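Structure first, commentary second.
Throughout, protein chains are lettered first and strands after them, A, B, ... in sequence-line order, and every chain is numbered starting at 1. Predicted, not measured: the structure shown is a model, and the values here were computed from it.
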There are 2 protein chains.
Amino acid sequence: MGNVTIYDVAELAEVGIGTVSRVLNNSARVSKETRNKVLEVIKKLNYQPNAMARGLALQKTGSIGILISNFTSHFFMEVLKGVQQGLKKYNMDLVLYTVSAGDFYDITRKENYIDRILSERRVDGVLAITMKMTEEEINKFKSVKVPLVLVNDLQESNSSVFVDDIEGAKEAVNYLINLNHKRIAFINGCMDCRQGNQRLRGFKDALKEANIEIDNNLIKIGDFNEESGYNLMKEILEETKENLPTAIFTASDIQAIGALKAIKEAGYSVPDDFSLIGYDNIELSKHLDLTTIAQPMSEMGELGVEMLMKSINSQQNEIIKRELVPNLVVRDSCSKI
Amino acid sequence: MGNVTIYDVAELAEVGIGTVSRVLNNSARVSKETRNKVLEVIKKLNYQPNAMARGLALQKTGSIGILISNFTSHFFMEVLKGVQQGLKKYNMDLVLYTVSAGDFYDITRKENYIDRILSERRVDGVLAITMKMTEEEINKFKSVKVPLVLVNDLQESNSSVFVDDIEGAKEAVNYLINLNHKRIAFINGCMDCRQGNQRLRGFKDALKEANIEIDNNLIKIGDFNEESGYNLMKEILEETKENLPTAIFTASDIQAIGALKAIKEAGYSVPDDFSLIGYDNIELSKHLDLTTIAQPMSEMGELGVEMLMKSINSQQNEIIKRELVPNLVVRDSCSKI
DNA sequence: CTGTTAGCGCCTTCAG
DNA sequence: CTGAAGGCGCTAACAG
């Protein structure tokens, strides 16, 4: 069972390699007899076309690339599940391009990375997960005509699947408002990305609509990580000592976990002293009974694949945008006031 | 910036393609002048060799495959980090073969899967993570000479990197014993894998060494998932009502989480009523303050890559076994009695 | 030292 | 409907 090639098949089936190739790509017309004969030999020899050779001839690799940064593990894992799910029916391989945190912020290396992916031509298209691609980078993909779809990110000039974070934040805050909370704090992630901006806007919008005055002391900007949640919560506890909020909305579950830690350290508890609501619905949150806004992560992945495959197969450069809506998952970290 | 090939650079540099190839693989001797000239053109054209073509000529793909089952996500994520880390210096790509739960148990499909990987020849070697490969499957790899290394699994006939689970379980139980616990329950995973067997053995060994009699009512066999932990804990609570254990050791953190749930539901708490210790040290356990046995997950990944690359590059079929030892991570789920 | 040529395994015209 | 031949982009002898 060494390396059986198309020639072996042709020889044993007593036909030319052209014929074998034809049945392989069930293209053109081949007589039923010969087709069956060839098929038989293929099975007998356990023949499978060599991916490289086929790729070279076809100028198609039969695989897509997925570009991620290595520090979004929870989120990524879920998206990946969707991607795999979506990929199943296409029988394509998946190559993983992980740009590590360091490379990501080092412009030079990030560019090199993309250049390499593009020129090596090992993949027929790429899915960029939460990648904040620049216009210039997007153009690189366009100029070499390898389809790119942005997942969990939105850029005008490129196909994207993303979520309506304004709506998500509003859902969270409205839920709190319905529980009679009026003093609601918001621990946000960074503001140099869509997510941060939208969630802040959703937060404010919900408050406005409920005619609750916005207290800027209750709005904190940080990062989407645990440490940030912890620190900002401590700040809030400190700074608003004489007029504490009754509820806290964090822009990520991980921040909520940090906040929870700060809350406990200060001798308070959730949901008795504070109602706490997160964002993302990572697996952790389930185990912590954290009420949160669920991002449709695996759906994003699956949809991303769908869009990418369509783009790969149609070869026309239509830009498609798909916006998904997050939804509230009620657990046990919020209480009526 | 379309598809620049080796011919383009040869032409522009006014040399033959052979020369370009030589500087690319900085092989043989090329005069400094021509080498520099070529290098210059390469940079100018932003040329990068086509991976497929090179692969076809070299009979090497420049990438490795990683075979995983999709239901070990936490664990996998950590191993993957190590793999990426290890892969960095080799500048190889990583293709992900996820055999989903369904396929995995459907023998036919699993075999087809491996056949496909092997005969497509898209990768130079594969890392199988927690895969319980059969002798027959391993032989398939051998017969086509694509290097395989088993990660978190041990088979006599193949290179493997794995952990000493006997020792790990002993560490856990010894810790409990040092806390004066005598009635220690063990919630194990399934017994049809090395992990389950070894952990049970470690559990028993530690007890024996401490001259504590083994109570078979306190040993439960199930699966490595949350539900199993929950159910088995309930059984224990039920069956040993009049003589409850004081400590519980679970064979995975996920089971510990399930057990925790059952404990809480029954009105007990950890670590006051029961000491609880898990296994794995998945990220979750940190947030739940669960004392556990840390598996060197990313080390396994990194070491696996190292071994695989050595095997790929040396082309000699040496079988190497590397056993790593897990270590105790003390948090807050156990108390002295 | 360097240009030329023959594959690597497959697909796709082009004749027949 | 089918065999033969050229080419995909690159590497590795082989002659200069």
Side-chain angles (χ1 to χ4, degrees), chain A residues 1-39 41-42 45-63 116 118-124 144-145, chain B residues 1-39 41-42 45-63 116 118-124 144-145:
Chain A
M1 200 212 271
N3 268 358
V4 26
T5 76
I6 201 171
Y7 287 96
D8 302 325
V9 178
E11 191 176 345
L12 218 172
E14 296 173 311
V15 299
I17 64 163
T19 306
V20 178
S21 177
R22 259 162 244 142
V23 346
L24 241 40
N25 306 285
N26 54 353
S27 72
R29 294 123 307 187
V30 184
S31 79
K32 261 201 177 130
E33 313 178 55
T34 39
R35 148 168 273 115
N36 282 133
K37 192 165 52 170
V38 169
L39 247 23
V41 175
I42 285 181
L45 259 38
N46 194 17
Y47 167 74
Q48 200 109 11
N50 175 304
M52 303 253 145
R54 164 173 265 177
L56 189 56
L58 239 38
Q59 300 288 62
K60 291 223 167 203
T61 66
S63 58
R116 189 175 136 236
L118 256 27
S119 51
E120 264 199 352
R121 303 207 149 269
R122 196 192 286 287
V123 295
D124 296 331
V144 295
K145 293 196 199 325
Chain B
M1 201 213 271
N3 268 357
V4 25
T5 76
I6 201 170
Y7 288 96
D8 300 327
V9 330
E11 190 175 344
L12 219 172
E14 296 174 312
V15 298
I17 63 164
T19 305
V20 177
S21 178
R22 258 162 246 143
V23 345
L24 240 40
N25 306 285
N26 55 355
S27 71
R29 291 123 311 188
V30 183
S31 80
K32 265 205 172 119
E33 310 178 59
T34 40
R35 147 167 274 116
N36 282 133
K37 192 165 51 172
V38 171
L39 248 22
V41 174
I42 286 181
L45 259 38
N46 195 17
Y47 167 75
Q48 201 109 11
N50 175 306
M52 302 257 140
R54 164 173 264 176
L56 189 58
L58 238 35
Q59 299 289 62
K60 292 223 165 204
T61 66
S63 58
R116 189 176 137 236
L118 256 26
S119 51
E120 264 198 352
R121 301 203 152 274
R122 195 191 286 287
V123 296
D124 296 332
V144 296
K145 294 196 198 324

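A close approach under 4.0 Å does not occur between any side-chain nitrogen or oxygen of A/T19 and OP1 or OP2 of D/dT2. For C/dC10, one of the phosphate oxygens OP1 or OP2 lies less than 4.0 angstrom from a side-chain nitrogen or oxygen of A/Y47. In this model, the phosphate group of C/dT2 is approached by a side-chain N or O of B/T34 to a distance below 4.0 Å at OP1 or OP2. Contact annotation: A/S21 side-chain N/O to C/dC11 OP1/OP2 distance is under 4.0 Å. A/Q59 has a side-chain polar atom (N or O) that falls below the 4.0 Å cut-off from OP1 or OP2 of D/dG9. Look at B/R54 and you'll find a side-chain N or O under 4.0 angstrom from OP1 or OP2 of D/dT11.
Taking atom CD on B/E11 and atom C1' on C/dT2, their separation rounds to 17 Å, with Å as the unit. The nearest whole Å value for the distance from the CD atom in A/Q48 to the P atom in C/dG9 is 15 Å. Separating the CG atom of B/L58 from the P atom of D/dG9 is a distance of 17 Å, rounded to the nearest angstrom. Taking atom CG of residue B/L24 and atom C1' of nucleotide C/dT2, one finds them 16 Å apart after rounding to whole Å. Here D/dA5 presents its C1' atom at 14 Å from CD1 of A/I6, a figure rounded to the nearest Å. In this structure, the CG atom of B/L56 is 7 Å from the P atom of C/dG9, given to the nearest Å. Distance, B/Y7 OH to D/dC8 P: 8 Å, rounded to whole Å. The distance between atom CD of B/E120 and atom P of C/dG9, rounded to the nearest whole Å, is 15 Å.
The 5' end of DNA chain C is approached more closely, in terms of each residue's nearest nucleotide, by B/K32 than by the other of B/K32 and B/A57. Toward the 5' end of DNA chain C, the nearer of the two residues A/N50 and B/G16, judged by each one's closest nucleotide, is B/G16. Along DNA chain D, the nucleotide closest to B/M52 and the one closest to A/I17 are compared, and the more 5′ of them pairs with A/I17.
Closest approach of A/S63 and B/R122 over heavy atoms only: OG-NH1, 3.8 Å. Between B/S119 and A/Q48, the shortest heavy-atom contact is OG-CB, 3.0 Å.
Atom OG1 of A/T61 sits about 9.5 Å away from atom CE of A/M52, to the nearest 0.5 Å. Distance check: B/I17 CD1 to B/D8 CG gives 11.5 Å after rounding to the nearest 0.5 Å.
Contact annotation: the side chain of B/V23 approaches that of B/I42 to within less than 4.5 Å [non-hydrogen atoms, C-beta and beyond].
Residue B/V20 is classed as having no contact, given no heavy-atom separation below 4.0 Å to the nucleic acid.
One N or O donor and one acceptor, one from the side chain of B/R22 and one from the base of C/dG3, sit under 3.5 Å apart.
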